[in-house]
Amino acid sequence: VNIRMIAVDMDGTLLDSTDQVRPATAAAVKRARQAGLPVVPVTGRPERLIWDPAAAAGLGPLGVGANGAVLVDLNTRQVLRRHSFSGEEAARIFDIVKAAVPGVLIAVDEGDRFSHEPGLFDQLQQAERGGSKRGRAEVEDIRAVAAGGCLKLVARHPDYSSLELAAVVAPLLQDDSPYASGSEDESQDEPTASTGEAQAAGMDHDAPGDLAEVTASDIAWIDIGPPGLSKATGLIELCERLDVHLDEVAAVGDHFNDLPMLRIVGLPVAMANAIPDVLAIADRVMPSNDEDGVAALIEEILSGR
Amino acid sequence: MVVTDLDGTLLSDDGVVSARTVAAIRSARRVGIHVVPATGRPPKAVWDLAAASGLGPLGVCSNGAALVDLDGSTVLETDLLPGDEAIAAVTAIRAALGDVRFATDDLDCFAHEPGFFEALPDWDEKLECVADICEALGGGTIQLHGRWPGLSGPDLMVKLAPIVGDRLTVTTSGADWANLAPPLVSKASRLDAVCARLDIDPAEVVAVGDHHNDLSMLAWAGTAMAVANAIPDVLAVVDRTLPSNDAHGVASLLEELVERYS
């Protein structure tokens, strides 16, 4: 199948390990765009952290941010579509996580603004990805911010890696959690009549649906976003707008949050620096992000057309 | 293999396959799980939807009267109700009930009598209005539909069953009409053919549905599931109830299977 679009993760993929767009990569993106091939970012970053690196790399015309929660127009720097938590949902998640994980620090991302509890950055010794402090504010009562609704919540714990924290927080927000399904009394009242092979297969619960999607990437915190969103759903919305079939898309990434989009595209590609799960499902492996892997992919696709 | 009904089950109430569902279907196919539609829709009303959502490799259409190859958009098998039998059934129903309006699917066209629809639907397939459905039945039909204005599909089904006896199979799908097929034709009967072609045991199949015409396949499949919006008769026979069609119930099942098999 002819590849008609390239979807690229940003951190660890398009950007090198110093968060820069390498010149050879920008030059390759430019050649692809001149050949009529959209090169679109599909990233965990919210829109405020997409505009500048996307412009530096020449990406466009559209992009996906916040792991599928926003669809952006890179030419006009506008958000075309946004999937958010309501204030009620965000406050409930805040309460669940705070109660179950002592010492956890929480931030609220509203897309154009990032509000965090005191201490979130202290031990991290690392600015938010993208390096920009613009739109960032330390807030005492972070729950009040969450109660206004948001794109996602961010959580970190000084003693946990992001993967460890995700393993603790994700079950709290799943459909079969006593937290998510209401009080423990209610969960004990659930019908237990389900039988047969579904139960044997461990699929014996009736699902009201998850509260949220928990995603870990290579930074020291986790993202908690609205349920059912992923880079895959964002890419599907983007493809509908550009009238490109998923079979005609090459997608390249390096980390867990790239797996959903890599599973749905015609050509899934991993960077050499990718985690083993990503390498395992990729049809092709490119050089690392410090060796212009995205440029190598673009050259391969352009020469194969 | 996951077998899913379309309208009311995989599709939202708005009639669309959500982005989350498309992602789940394509991910499941990638880890080797077939995602096979079993629908009352005729083949023509499935091609575009299947291509856009990644369903396949095979599909059951017209409540079991047709087996289709979704990758090639071709019809592989059909059970045609012969024209003389269809006309005899229409005649018997009219004699017993009077003012029933009929429609028929052949592979190219959906022909209907005046008054069958309250408002013409926005369907992919060609619609043709005929004064008497018998004019359109000469070549046989893959599915005959009856509607009695003011009566629900399930209520009409109950009235039709004793009239057609074992000459036809009667079912209904959530639209306000009943469906008439050749005897012994159901979603389940055609899924046997799907399993034979794909070398899968029905015990390895999860089937998901919401309405009366799904009961045969829910009894047939190793694991039966309903979406939360299903009718009580369906909820009563399933091993597990998923979130509703509007809450992406089938997608949540597929996501769970992808997690387990990848």
Side-chain angles (χ1 to χ4, degrees), chain A residues 64 68-69 71 81 83 170 174-176 190-210 213 226-241 243-247 249 251 259-266 268 277-278 280-283, chain B residues 2 16-33 48 51-54 71 201-208 218-219 221-228 235-244 246-262:
Chain A
V64 173
L71 182 65
R81 186 156 184 201
H83 304 266
Q174 276 168 6
D175 59 64
D176 51 355
E190 277 178 14
T192 52
S194 61
T195 53
E197 299 188 27
Q199 199 164 45
M203 301 187 295
D204 57 345
H205 58 280
D206 290 354
D210 293 345
E213 194 86 25
L229 298 177
S230 66
K231 290 193 178 188
T233 60
L235 184 58
I236 287 166
E237 289 179 356
L238 188 153
C239 283
E240 283 167 3
R241 298 248 181 177
D243 200 20
V244 174
H245 195 276
L246 291 164
D247 288 339
V249 176
L259 289 170
M261 74 164 173
L262 296 175
R263 288 199 188 104
I264 63 161
V265 296
D277 294 54
V278 168
I281 68 160
D283 287 351
Chain B
V2 172
V16 299
V17 184
S18 69
R20 177 173 172 188
T21 303
V22 172
I25 292 168
R26 292 184 63 95
S27 304
R29 299 278 319 266
R30 191 154 181 104
V31 300
I33 299 167
D48 288 352
S53 59
D71 296 336
D201 191 295
E204 301 172 290
V205 177
V206 179
V208 193
L218 295 173
T223 304
M225 298 193 189
V227 280
L235 292 170
V237 300
V238 294
D239 301 304
R240 172 176 164 190
T241 303
L242 299 166
S244 72
D246 276 351
H248 318 279
V250 176
S252 71
L253 167 68
L254 294 171
E255 287 161 4
E256 190 179 311
L257 294 172
V258 167
E259 205 53 43
R260 188 179 314 162
Y261 291 109
S262 58

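Keep in mind that what you see is a predicted model, and the values were worked out from it rather than measured. Below, read A as the first sequence line, B as the second, and so on, with proteins coming before strands; counting in each chain starts at 1.
- Within a 6.0 Å radius of CG in B:D201, more than 12 heavy atoms belonging to other residues, nucleotides or ligands are found.
- For A:L262, the part lying near chain B is the backbone, with the side chain staying farther off; criterion is any non-hydrogen pair under 4.5 Å.
- Annotation: side-chain hydrogen bond (donor to acceptor under 3.5 Å, both in side chains) contacts of B:T21 (sequence neighbours excluded): B:S18.
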Assess whether side chain to side chain contact (heavy atoms under 4.5 Å, CB included) is satisfied between A:S230 and B:R20, documenting all intermediate values.
CA-CA 8 Å; A:S230 66; B:R20 177 173 172 188; over 6 Å; no
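- Closest approach of A:I236 and B:A19 over heavy atoms only: CD1-O, 3.3 Å.
- Every side chain to side chain contact (heavy atoms under 4.5 Å, CB included) that A:A282 has, sequence neighbours left out, goes to A:A270.
- Under the 4.5 Å side-chain criterion, counting only non-hydrogen atoms from C-beta, B:H248 is not in contact with A:P227.
- Note that CD of A:E213 is 7.0 Å distant from CD of B:E255, once rounded to the nearest 0.5 Å.
- For residues 24-31 of chain B, a heavy-atom distance under 4.5 Å to chain A picks out B:R26, B:S27, B:R30, given by residue number.
- Among residues two or more places apart in sequence or in another chain, the side-chain hydrogen bond (donor to acceptor under 3.5 Å, both in side chains) test is passed with A:R81 by A:E237.
- Counting heavy atoms from C-beta outward, A:T233 and B:V22 have side chains that stay 4.5 Å or more apart.
- Within the 4.5 angstrom heavy-atom criterion, no atom of A:D277 approaches chain B.
- Looking at A:I281, only its backbone comes within 4.5 Å of chain B, counting heavy atoms on both sides.
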